[in-house]
Amino acid sequence: MKTLPWKSFEITTLRGHQAAVPALCCFFYIDADVHSVAVDLAQCLERYVEFVGLDVLKSYPAKSGIWKPMNKRQLDKDLKHLRAFPKDHEASHIRYDAGEGGQPGGFGVHISANVYDEIFPDKAGLMRFDLPPEWLERNEVEALIEFVAKICQVAEVQSAQVGMTFKTTPGSHSDAKREILQKLPRFYGFSPCDFSLRNEMLGHTLTAHWLNYVNDDLAAKMGGKDSIVRALPDCDVRPLTKGVLIRGVKWPPIGDINRQAPDLGWLPEVARVLKPTRVDILTTYLGKESSFDATKWTSRFDDLANRPWDNSSAI
């Protein structure tokens, strides 16, 4: 993968603080009660830390809201809590980041799982693991795909997407939101990083991305595993023990539509295949933003022609 000018995708505040950074984010949406998957969440968290190293994670938010230096003691505390999750607890929220003071960095963890929510009955659990955008410039792509595939087989993951994202933290999101919504209509290969999207994601997918995963139930809504394989002959489609993992393009695309987005690969066809499972974007926060055409964004691939799956020369 070529070296790209990733700095140009950052969003900073007037004070020079980072509000959003480009990142290769792995979103895993979970169809299960937190008590059913807490042990699995611990396993996944441990796998991510083994994959990237604990030293790249610099901070975590304390209960006071202040971000403190990350350390192994905090990791061990969170793992212990998940593995012996108290019966009277209704949710688990874990956040680590490579940034400090609430600013986003390339690496990060966001885990949010809960019991049934009457206010948001379609809320899915969320497990997100982040990598810096240049990760694939110096690491094996197959190792990342294998990591994603293994995570998809545990913790009742219903759907997943992996690709370029304008990454924020809860503290920086409001500062970056306006500019992110301005950038999304141009850069088709990017997704937002809003945590509230999970409120409507139960039983759904969000968008076609570099990697997409659906479990068996969602695959059935798309015609079944064999149908997905047939519909995407030029893609890397991997039927797993549970569900299907789709690699719609060789490398994570930028998708600059101002330049005809030659690096999108087969994401248009992936989007059409995923369409029966697509979330109703108008029920999410994106659909309520008056300055942003959310319906147009989620359907942005639907009428596009496919590009070459191997986008090496187009990035």
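Keep in mind that what you see is a predicted model, and the values were worked out from it rather than measured. The analysis underlying the following values was restricted to heavy atoms, covering all of them including side chains, and did not include hydrogens, waters or symmetry mates.
- Salt-bridge annotation for Asp302 and Arg272: absent, with no side-chain N of the basic residue lying under 4.0 Å from a carboxylate O of the acidic one.
- By the 4.5 Å heavy-atom criterion applied to side chains, Leu218 and Leu274 are not counted as neighbours.
- In this structure, Lys221 places its NZ atom where only 12 or fewer heavy-atom neighbours from other residues, nucleotides or ligands lie under 6.0 Å away.
- In the hydrophobic cluster analysis, where Ile, Leu, Val, Met, Phe, Trp and Tyr join through side-chain heavy atoms closer than 4.5 angstrom, Leu202 is grouped apart from Leu206.
- Defined by atom type and a distance below 3.5 Å, a donor-acceptor pair is present between the side-chain atoms of Ser112 and His93.
- The aromatic rings of Phe129 and Tyr48 lie parallel to each other, with less than 30° between the two planes, well short of the 60° mark.
- A salt bridge links Arg238 to Glu142: at least one charged side-chain nitrogen sits closer than 4.0 Å to a carboxylate oxygen.
- Taking the side chain as every heavy atom from C-beta outward, Ile246 and Leu211 never approach each other to under 4.5 Å.
- When hydrophobic clusters are built by joining Ile, Leu, Val, Met, Phe, Trp and Tyr residues whose side-chain heavy atoms come closer than 4.5 Å, directly or via intermediates, Trp6 is grouped together with Phe107.
- Connection of Leu4 to Leu264 is established within a shared hydrophobic cluster, with ILVMFWY side chains joined at heavy-atom distances below 4.5 Å, either directly or through further cluster members.
- You'll find the side chain of Tyr116 stays beyond 4.5 Å of the side chain of Asp33, heavy atoms only.
- Between Leu79 and Gln74 there is no side-chain heavy-atom pair separated by less than 4.5 Å.
- Closest approach of Val52 and Asp55 over heavy atoms only: O-OD1, 4.4 Å.
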**salt bridge (Lys or Arg N to Asp or Glu O under 4.0 Å) between Asp256 and Arg186, worked out** = CA-CA 6 Å; Asp256 186 348; Arg186 174 178 174 180; 2.8 Å; yes

Apply side-chain hydrogen bond (donor to acceptor under 3.5 Å, both in side chains) to Ser159 and Thr205, showing your working. CA-CA 6 Å; Ser159 59; Thr205 58; over 6 Å; no

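- Using modelled atom types, one side-chain atom of Gln158 and one backbone atom of His204 make a donor-acceptor pair closer than 3.5 Å.
- Asp263 places a side-chain N or O within donor-acceptor distance of the main-chain N or O of Gly255, the cut-off being under 3.5 Å.
- For the pair Val273 and Leu232, the minimum side-chain heavy-atom distance is below 4.5 Å.
- Ion pairing between Lys250 and Asp236 fails under the 4.0 Å rule for side-chain N and carboxylate O.
- Between Val21 and the choices Pro132, Cys193, Ser172, Pro104, the side chain to side chain contact (heavy atoms under 4.5 Å, CB included) rule is met once, by Pro104.
- Salt-bridge formation is detected for the pair Lys150/Glu146: a Lys NZ or Arg NE/NH1/NH2 atom is positioned less than 4.0 Å from an Asp or Glu carboxylate oxygen.
- No donor-acceptor pair under 3.5 Å is formed between the side chain of Tyr285 and the backbone N or O of Phe195.
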Working for side-chain contact (heavy atoms from CB on, under 4.5 Å), residues Asn139 and Leu144:
CA-CA 8 Å; Asn139 292 280; Leu144 175 55; over 6 Å; no

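- Dense packing is recorded around CZ of Arg83, with more than 12 heavy atoms of other residues, nucleotides or ligands lying under 6.0 Å away.
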Yes or no on side-chain contact (heavy atoms from CB on, under 4.5 Å) for Asp122 and Asn199, after CA distance, side-chain angles and deciding distance?
-> CA-CA 6 Å; Asp122 294 320; Asn199 291 343; over 6 Å; no

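- Counting heavy atoms from C-beta outward, Thr165 and Pro22 have side chains that stay 4.5 Å or more apart.
- Not one N or O on the side chain of Trp251 forms a donor-acceptor pair closer than 3.5 Å with the backbone of Leu136.
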- Message: Assess the residue pair Lys183 and Ile180 against the criterion (side-chain contact (heavy atoms from CB on, under 4.5 Å)); give the C-alpha distance rounded to whole Å, side-chain angles, the decisive distance to 0.1 Å, and a yes or no.
- Response: CA-CA 5 Å; Lys183 290 177 180 292; Ile180 290 174; 5.8 Å; no

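- Across all non-hydrogen atoms, the minimal contact from Cys44 to Met127 is CB-SD, 3.4 Å.
- What you find for Leu304 and Pro268 is that their closest heavy atoms are O-CB, 3.4 Å.
- In this structure, Phe51 is a member of the same hydrophobic cluster as Val162, with clusters built from ILVMFWY side-chain heavy atoms closer than 4.5 Å.
- Between the side chains of Glu269 and Trp309, no donor N or O sits under 3.5 Å from an acceptor N or O.
- If you check the side chains of Thr207 and Ser191, you find no donor sitting under 3.5 Å from an acceptor.
- Ser299 contributes a side-chain N or O that, together with a main-chain N or O of Thr295, makes up a donor-acceptor pair within less than 3.5 Å.
- Smallest separation of non-hydrogen atoms from Met164 and Pro133: CE-CB, 3.7 Å.
- Within a 6.0 Å sphere centred on NZ of Lys288, other residues, nucleotides and ligands contribute more than 12 heavy atoms.
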(request) Dump the intermediate steps for side-chain contact (heavy atoms from CB on, under 4.5 Å) on Lys58 and Met70, then the final yes or no. (result) CA-CA 5 Å; Lys58 302 301 183 184; Met70 182 60 188; 5.6 Å; no

### Message
Checking Phe301 against Trp266 for the ring pair (Phe, Tyr, Trp, His ring centres under 6.0 Å) test, could you report, in this order, the C-alpha distance in whole Å, the side-chain angles of both residues, the deciding distance, and whether it holds?
### Response
CA-CA 10 Å; Phe301 296 123; Trp266 268 57; over 10 Å; no

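- Put simply, the side chain of Asp97 gets close to the backbone of Gly105: a donor and an acceptor are under 3.5 Å apart.
- Between Tyr96 and Trp67, the distance separating the two ring centers is not shorter than 6.0 angstrom.
- Minimum heavy-atom separation, Val56 to Ala98: O-CB, 3.3 Å.
- A chain of hydrophobic side-chain contacts below 4.5 Å, direct or via other Ile, Leu, Val, Met, Phe, Trp or Tyr residues, connects Leu45 to Leu54.
- Counting only distance, with no hydrogens or angles, the side chain of Gln161 and the backbone of Phe27 share no donor-acceptor pair below 3.5 Å.
- You'll find the side chain of Arg247 stays beyond 4.5 Å of the side chain of Val237, heavy atoms only.
- At most 12 non-hydrogen atoms from other residues, nucleotides or ligands lie less than 6.0 angstrom from CG of Asp303.
- Donor-acceptor pairing under 3.5 Å is lacking for the side chains of Tyr60 and Asn71.
- Note on ring orientation: taking the six-membered ring where Trp is involved, the planes of Phe166 and Phe9 are tilted (angle from 30° to 60°).
- In plain terms, the two heavy atoms of Pro252 and Ile315 that are nearest each other are O-CD1, 4.1 Å.
- Checked by atom type and distance alone, the side chain of Arg307 never pairs as donor or acceptor with a backbone atom of Pro262 at under 3.5 Å.
- When side chains are defined from C-beta on, Asn215 does not count as touching Val157, because their heavy atoms never get closer than 4.5 Å.
- Side-chain atoms of Arg300 come within 3.5 Å of backbone N or O of Trp297 as a donor-acceptor pair.
- Ion pairing between a basic and an acidic side chain is recognised when a charged N comes within 4.0 Å of a carboxylate O; Lys177 and Glu289 show such pairing.
- The backbone N or O of Gly102 sits less than 3.5 Å from a side-chain atom of Thr169, completing a donor-acceptor pair.
- Look at Asp76 and Arg73 and you find no salt bridge, because none of the NZ, NE, NH1 or NH2 atoms lies under 4.0 Å from a carboxylate O.
- When the shell of 6.0 Å around NZ of Lys225 is examined, it contains more than 12 heavy atoms from other residues, nucleotides or ligands.
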Problem set entry | Worked verdict on Phe28 versus Tyr213 for ring pair (Phe, Tyr, Trp, His ring centres under 6.0 Å) | CA-CA 9 Å; Phe28 303 91; Tyr213 166 81; 8.4 Å; no

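- With no hydrogens or angles considered, no side-chain donor-acceptor pair links His35 and His89 at under 3.5 Å.
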